[in-house]
Amino acid sequence: MDTYDLITRNAEEVVTDEEVRELADDPDGKRAYVGYEPSGVLHLGHLLTANKLIDLQEAGMEVVVLLADVHAYLNGKGTFEEIRETAERMKAQFIAYGLDEESTEFVYGSEFQLDEEYTLDLHELELSTTMNRAQRAMAEIQGDETAKVSHLVYPLMQTLDIEYLDLDLAVGGLDQRKVHMLAREKLPEVDYEVRPALHTPIVADLTSGEGKMSSSEGITISMEDSTEDLEEKVNSAYCPPTRDPEPDDDGNERENPVLELFEYHVFPRFDEIVVERPEKYGGDLTYEAYKSLAADLESGELHPADAKGTLASYLDELIAPGREKLHELRE
Ligand code: NAL
């Protein structure tokens, strides 16, 4: 796969394509980052961006993982001590998942976000940004609760981090796009450079195929799940034999979450996928590309039940090292 294709595979959006192409021409030593609010147990949402980081490392880039402790604090995720402890566990799970320890730099936000120069830059951004603009940038990250002043500071800090971490590419889920757009607009105003961004898709809710899979509602798959949990959850998933399901009766858009998980989580990490079937049902099926699996599901050659069983076992393999690490840390 050529470097540009590797960098952008499974990306929902790159901003801008021209800037990312330029990066792909000479990726060695370039720095990409993802920031995460520390959370005790990783879930598939975290792992989707982690897969992208693994792609970028393969392309020769350096990867910075920001353990965004101050951001989590501003977003009401607990006391500062609790958040720090959680961050350590998060880091251990990322390494267990396959982020290369040598070429991944883990940085705590609080290492630089409390410095005098940073603080003054932040205040300059506060001065030049309307509350309305900051609130809009934050809407998708924050959820439904009433916005606090901290929620307005949050996206401005994320904007500054892109400069302070000296990054060449910002990576995040599609829910980060408005913050990255704010950064593109604001950084030049305070005499800093604009950097490209790459956004990963948001996987649909497992049981309905609607909206997004999230830890706050519905079923989510996490590093804590046992093999049996995974089988049960994947078995209950919505999986019509198509990539493009019709909207539901209320007109809500739906996706096929089983296919999405194959595409975004399984195929990027395995060279081939084997669906094990008894001879009398046609014997094993082997896939090297997501598209052929999706086509077989659509044509009926691959039964949804077999697709689900296979998905559960590959997810189990991906999650197992992190699950063991979590058990170890609790002992
Ligand atoms: C991501 C987050 C927080 C701070 C960041 C700083 C720079 C780059 C990315 C960052 C967390 C993210 C979330 N906003 O919603 O998890």
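Whatever order the structure lists them in is the order used to number ligands and atoms, beginning at 1. This is a predicted model, so every value here is computed, not measured.
Within 4.0 Å of ligand 1, counting heavy atoms only, the contacting residues are Y33, G35, E37, L66, A68, H71, I141, Y154, Q158, D161, Q176.
Between R184 and E19 a salt bridge is recorded (basic side-chain N to carboxylate O distance below 4.0 Å).
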Side-chain donor/acceptor pairs under 3.5 Å, residues 124-132, sequence neighbours excluded:
unit_1: E126; atom_1: OE1; unit_2: H123; atom_2: ND1; d: 2.8
unit_1: S128; atom_1: OG; unit_2: L125; atom_2: O; d: 3.4
unit_1: T129; atom_1: OG1; unit_2: L125; atom_2: O; d: 2.7
unit_1: T130; atom_1: OG1; unit_2: R133; atom_2: N; d: 3.1
unit_1: N132; atom_1: OD1; unit_2: R136; atom_2: NE; d: 3.1

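A distance of 9.0 Å separates NE2 of H46 from CD of Q93, quoted to the nearest 0.5 Å.
Y287 pairs by the ring-ring contact (aromatic ring centres under 6.0 Å, His included) definition with nothing, not counting sequence neighbours.
The ring pair (Phe, Tyr, Trp, His ring centres under 6.0 Å) analysis of residues 235-282, with sequence neighbours excluded, yields the pairs F270-Y314.
Side-chain contact annotation: R269 with Y97, donor-acceptor N/O pair under 3.5 Å present.
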